[in-house]
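Worksheet: the structure to be examined is printed underneath.
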There are 2 protein chains.
Amino acid sequence: MDARHILSIRMAGEIVISASPAKTIKKWRNVFGVSQGDLASRLGVSPSVISDYESGRRKSPGSELVRKFVAALIDVDVSRGSQIVRGYERLLDGGAMTGAVIDMREFAFPISAEEVCNIVEGTPIANESLLKKDIYGYTALDSPRAILELSSDEFLRIYGLTSERALIFTRVSCGRSPFVAIRVSPIKPGLVILHGLKEVDPLGIMIAEKEKIPVILSGIEGDEALIKALRNNMN
Amino acid sequence: MDARHILSIRMAGEIVISASPAKTIKKWRNVFGVSQGDLASRLGVSPSVISDYESGRRKSPGSELVRKFVAALIDVDVSRGSQIVRGYERLLDGGAMTGAVIDMREFAFPISAEEVCNIVEGTPIANESLLKKDIYGYTALDSPRAILELSSDEFLRIYGLTSERALIFTRVSCGRSPFVAIRVSPIKPGLVILHGLKEVDPLGIMIAEKEKIPVILSGIEGDEALIKALRNNMN
DNA sequence: ACTCCCTTTCGACTATTGACGAACAACATG
DNA sequence: CATGTTGTTCGTCAATAGTCGAAAGGGAGT
């Protein structure tokens, strides 16, 4: 399976190139939803071995360890129906995203919604207590175009490998449409960032509270400055 | 530079996932056109260290070594004007290739043109003495569509990271047009494979001989069988 | 409060990596 | 034939990786 091989290379590359291989190893295990015990069984080692790696006890894991680790995660996914691999295949097959997607990144390792809030100079306006959660990447959208252009298939693709990401709506007018779209979608993002307005529609806030999605209002002036701030803080 | 980071991940991933990290490390050094001595200087180690890795003395290079290795190659490229990084950027930015490109792969490590010839059940018809050279990947084209559709920019992109690849022309009628196209292009492929005909135009053979490009006539029946044979022999 | 699951920490041990430097081989050039 | 460049092999040693297993912590469920 081609997507499987390409995903392997992507995962291994991210781990090796990461400023913190330990954190990136843990990120991928969490993306695949596998416990340390399950993974250890599949690799034929003790659970403490996995924990040692993810905690950074070994600073420079060997290539063979990384290769085995990646292969084991993908094997688990395949045994569960290839959900992650298929999701990645959709990302590959779709070619360039529409212009509605301004930017889209996966983090080498997750950062908290709180840190994301700091990066975008944001003000929490919904579910502030949930800002400790981990965010794995972001997708920035041009809201008017997104509403007009995104097909249901493309809407799935903006979630990349995991929905635990920041969905950033730029050029927002009153802040209701984004939440309506999220409300009717089966998949919910880990965090919503609104940009381009000062006051948010109360109904939008109610939807977010109900869906338990933290929402931030970014204070950075201009789309490009927002994207720049995010890119400069890539780990 | 974004393409730089993505290329880093790609290279590191290929090395780690490869069935032979040693050979893939050497492939990438050759793709970047850097000597072992130059690379050693840049890494602050002795040349024999590089040779030890490429010869397979160390079976499982550590992540840090791979990261440093990749970074050093890209630094060399940047100091020379970012030719490789820019080439990769063009690959990324172009989105999906036109339908003229049936398939396109880079090998984890190069194989000889002779091995490629065996894989496609080929008969050498030009420059047979050059079949010992290393081939780093392949691009399979639908010839009639390629002639009609490929812009000069897209023509460059079919070479991927290196031109030392097999350019495969399928649905060829008499075998002259492909060589005329190659003749006028500034970049020459490492190997040409013709498919879909029994006799090749003598002028085409003359052009290939003149350009010192080995040419093979594939004996596999059918485009799909040809691509399948190539994919099944990916290293 | 107890049990179970998941994860972390760390001492200890063996195997391998990372690296140097010497000796050598192959090829191109003058 | 001598010299320079590029690359290979290998003995050697210090440092680190790979791993086990014991002990322990935190959270959820009963």
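Naming: A, B, ... by sequence-line order, numbering from 1 per chain.
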Atom-to-atom span, [atom1] of [X] to [atom2] of [N] - whole angstrom:
X: A/Asn30; N: C/dT7; atom1: CG; atom2: P; result: 8 Å
X: A/Tyr53; N: D/dC20; atom1: OH; atom2: C1'; result: 12 Å
X: A/Arg67; N: D/dG18; atom1: CZ; atom2: P; result: 12 Å
X: A/Asp52; N: C/dT7; atom1: CG; atom2: C1'; result: 11 Å
X: B/Ile50; N: D/dG7; atom1: CD1; atom2: C1'; result: 12 Å
X: B/Phe69; N: C/dA19; atom1: CZ; atom2: C1'; result: 17 Å
X: A/Arg58; N: C/dG11; atom1: CZ; atom2: P; result: 12 Å
X: A/Gln36; N: C/dT9; atom1: CD; atom2: P; result: 10 Å

Notebook entry, point to check: Are B/Lys27 and B/Glu106 close enough for a salt bridge, meaning some N to O gap below 4.0 Å?
Noted result: no
Item checked: Salt-bridge present (B/Arg29, B/Glu54; N to O < 4.0 Å) -> yes
Compare the minimum distances between each of [options] and the side chain of [X], then state the nucleotide with the smallest one.
X: B/Ser48; options: D/dT9, C/dT17, C/dC6; answer: D/dT9
X: A/Val45; options: D/dC20, C/dT17, C/dC20; answer: D/dC20
X: B/Lys68; options: D/dC10, D/dG18, C/dA19; answer: C/dA19
X: A/Ser55; options: C/dC20, C/dT9, C/dG18; answer: C/dT9
X: A/Arg29; options: D/dC20, C/dG18, C/dT7; answer: C/dT7

Note to self: So which atom in B/Ile205 and which in B/Ile125 form the shortest heavy-atom distance, rounded to 0.1 Å?
What the structure shows: CG2-O, 3.8 Å
Next item on the list: Measure the CG-CG distance between B/Leu141 and B/Asp103 for me, rounded to the nearest 0.5 Å.
Entry: 10.5 Å
Notebook entry, point to check: If you round to the nearest 0.5 Å, how far is CH2 of A/Trp28 from CD1 of A/Ile15?
Noted result: 8.0 Å
Note to self: Mind checking if A/Lys26 touches a base, just sugar-phosphate, or nothing, with heavy atoms under 4.0 Å?
What the structure shows: sugar-phosphate
Margin query: Over all strands shown, is B/Ser51 touching base, sugar-phosphate only, or nothing at heavy-atom distances under 4.0 angstrom?
Written below: base
Checklist line | Rounded to 10 degrees, the angle between the two terminal axes of the helix from C/dA1-D/dT30 to C/dG30-D/dC1, each from five pairs | finding: 40°
Next item on the list: Give a yes or no on whether the backbone of A/Asp52 and the side-chain of A/Ser55 come within a donor-acceptor separation of less than 3.5 Å.
Entry: no
Next item on the list: Please check if the side chain of B/Ser163 supplies one atom and the backbone of B/Tyr159 the other of a donor-acceptor pair under 3.5 Å.
Entry: no
Check: Got a donor-acceptor pair under 3.5 Å from the side chain of A/Arg57 to the base of C/dG11?
Finding: yes
Check: Between B/Lys59 and B/Ser46, who's closer to the 5' end of DNA chain C by nearest nucleotide?
Finding: B/Lys59
